[in-house]
2 protein chains.
Amino acid sequence: MQPDRLSLTLSAIADPTRRAILMRLMDGEASVKELAAPFEMSIPAICKHLKVLEGAGLISRGRNAQLRPCRLEAQPLRDAVGWIEEFSRFWDTSLNRLDGLLERLQSADPMAKKN
Amino acid sequence: MQPDRLSLTLSAIADPTRRAILMRLMDGEASVKELAAPFEMSIPAICKHLKVLEGAGLISRGRNAQLRPCRLEAQPLRDAVGWIEEFSRFWDTSLNRLDGLLERLQSADPMAKKN
DNA sequence: GCTGTATCTAACCAATCAGTTAGCTAACCG
DNA sequence: CGGTTAGCTAACTGATTGGTTAGATACAGC
């Protein structure tokens, strides 16, 4: 079964290495070597992660001499946020109303409560 | 490497079958058999998916005679939403501005653009 | 206790994943 | 030109995933 776009996005960001790469890219474009530097794994391993991110549309790649700089692409993650948000909004309104979680969500401290 | 909680949550919801199960559970508790009904796969396969969801803390299980009803748990997903939202919020506010800036820098001075 | 229903475990299998090393291509620089 | 650097592909490996079937377990009702 070829996976749908949402599954692709979510499994791409399910990996901590790939999330770290994305966060690094929030600081701006970076080359493969720069992206690989903080990790202990080999360059080809990073290449594979980049390929996954690119396949999910989360990054795009340029060309600059022998560099292939990576940059963030926002849309797929925005879609994922849409799905999850809708999901959790439903939860907070109908399911967990009993233990009063709603306000806490609205006031932006997602770690504050335990069930 | 034992995966962190966020990775656990995200990879749990990266599977379309598991997302469908979660959405079904928005209608209320359900037994394993009920959850398995819409799918073409075997009951043990569903059990495994449920185990993944339970391991990620996304569902919890009760006991009612020979039934082990499943119900949603909100917290882990809320954490995930928090992470992704923060991420995409950054994108929506600063990345788009940064975009144009980077492009301009790149075309003006091809090696000087890392933050 | 016996039977049927619901669920889980065990063992297995094929496919995918995440990493490696080795070797290749392409671009820059002397 | 030759050497260096950046990045990629290929081939391999071990671990994980997602499914199967067969059999075990727990409980309800008769």
Side-chain angles (χ1 to χ4, degrees), chain A residues 1-4 6-22 24-25 28-56 58-71, chain B residues 1-22 24-25 28-56 58-71 106 109-114:
Chain A
M1 178 177 63
Q2 55 150 355
D4 58 295
L6 178 56
S7 301
L8 220 61
T9 303
L10 290 173
S11 63
I13 64 174
D15 183 285
T17 301
R18 289 194 287 264
R19 283 201 305 278
I21 290 175
L22 291 178
R24 164 63 185 82
L25 288 176
E29 287 193 2
S31 70
V32 175
K33 200 187 179 201
E34 287 168 339
L35 290 174
F39 302 100
E40 284 183 348
M41 62 186 83
S42 65
I43 296 273
I46 298 294
C47 278
K48 287 192 182 182
H49 282 302
L50 294 177
K51 209 154 209 181
V52 173
L53 291 171
E54 192 178 11
L58 286 163
I59 65 172
S60 63
R61 325 228 16 202
R63 179 128 212 182
N64 179 359
Q66 58 276 71
L67 305 172
R68 271 79 155 180
C70 303
R71 65 194 297 183
Chain B
M1 177 178 67
Q2 58 148 353
D4 58 296
R5 190 137 196 85
L6 178 56
S7 300
L8 221 61
T9 303
L10 289 173
S11 64
I13 64 173
D15 183 284
T17 301
R18 289 193 286 264
R19 284 201 306 278
I21 290 176
L22 290 178
R24 163 64 184 83
L25 287 175
E29 287 192 1
S31 70
V32 175
K33 200 189 180 201
E34 285 168 340
L35 290 174
F39 303 99
E40 284 183 347
M41 60 187 85
S42 64
I43 296 272
I46 298 294
C47 278
K48 285 194 181 180
H49 283 302
L50 294 176
K51 207 153 209 179
V52 173
L53 291 171
E54 192 178 12
L58 286 163
I59 65 171
S60 64
R61 327 231 12 207
R63 181 130 212 181
N64 179 0
Q66 61 272 73
L67 306 173
R68 274 84 158 174
C70 304
R71 65 166 185 277
Q106 182 172 12
D109 183 1
M111 273 307 283
K113 65 192 175 304
K114 60 158 297 203

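Quick caveat, the model's predicted, so the values are computed rather than measured. Just so it is clear, the values below take in all heavy atoms, side chains as well, and ignore hydrogens, waters and symmetry mates.
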How many whole angstroms separate atom [atom1] of [X] from atom [atom2] of [N]?
X     : N      : atom1 : atom2 : value
B:Q66 : C:dT7  : CD    : P     : 8 Å
B:I46 : D:dT21 : CD1   : P     : 14 Å
B:E34 : C:dT5  : CD    : P     : 16 Å
B:K51 : D:dT16 : NZ    : C1'   : 16 Å
B:R19 : D:dG18 : CZ    : P     : 12 Å

Of all residues at least two apart in sequence or in a different chain, which pass the side chain to side chain contact (heavy atoms under 4.5 Å, CB included) check with [X]?
X     : result
B:A45 : B:M41, B:S42
A:A14 : B:L10, B:S11
B:E54 : B:I59, B:R61
B:S7  : A:P16, A:R19, B:P3, B:D4

When rounded to the nearest 0.5 angstrom, what is the spacing between CG in B:L53 and CG in B:L8?
10.5 Å
Not counting sequence neighbours, which residues clear salt bridge (Lys or Arg N to Asp or Glu O under 4.0 Å) with B:E34? List them please.
none
Can you check each nucleotide of nucleotides 13-25 of chain C against protein heavy atoms at under 4.0 Å and return B for base, S for sugar-phosphate only, - for none, in 5' to 3' order?
-----SBBBB---
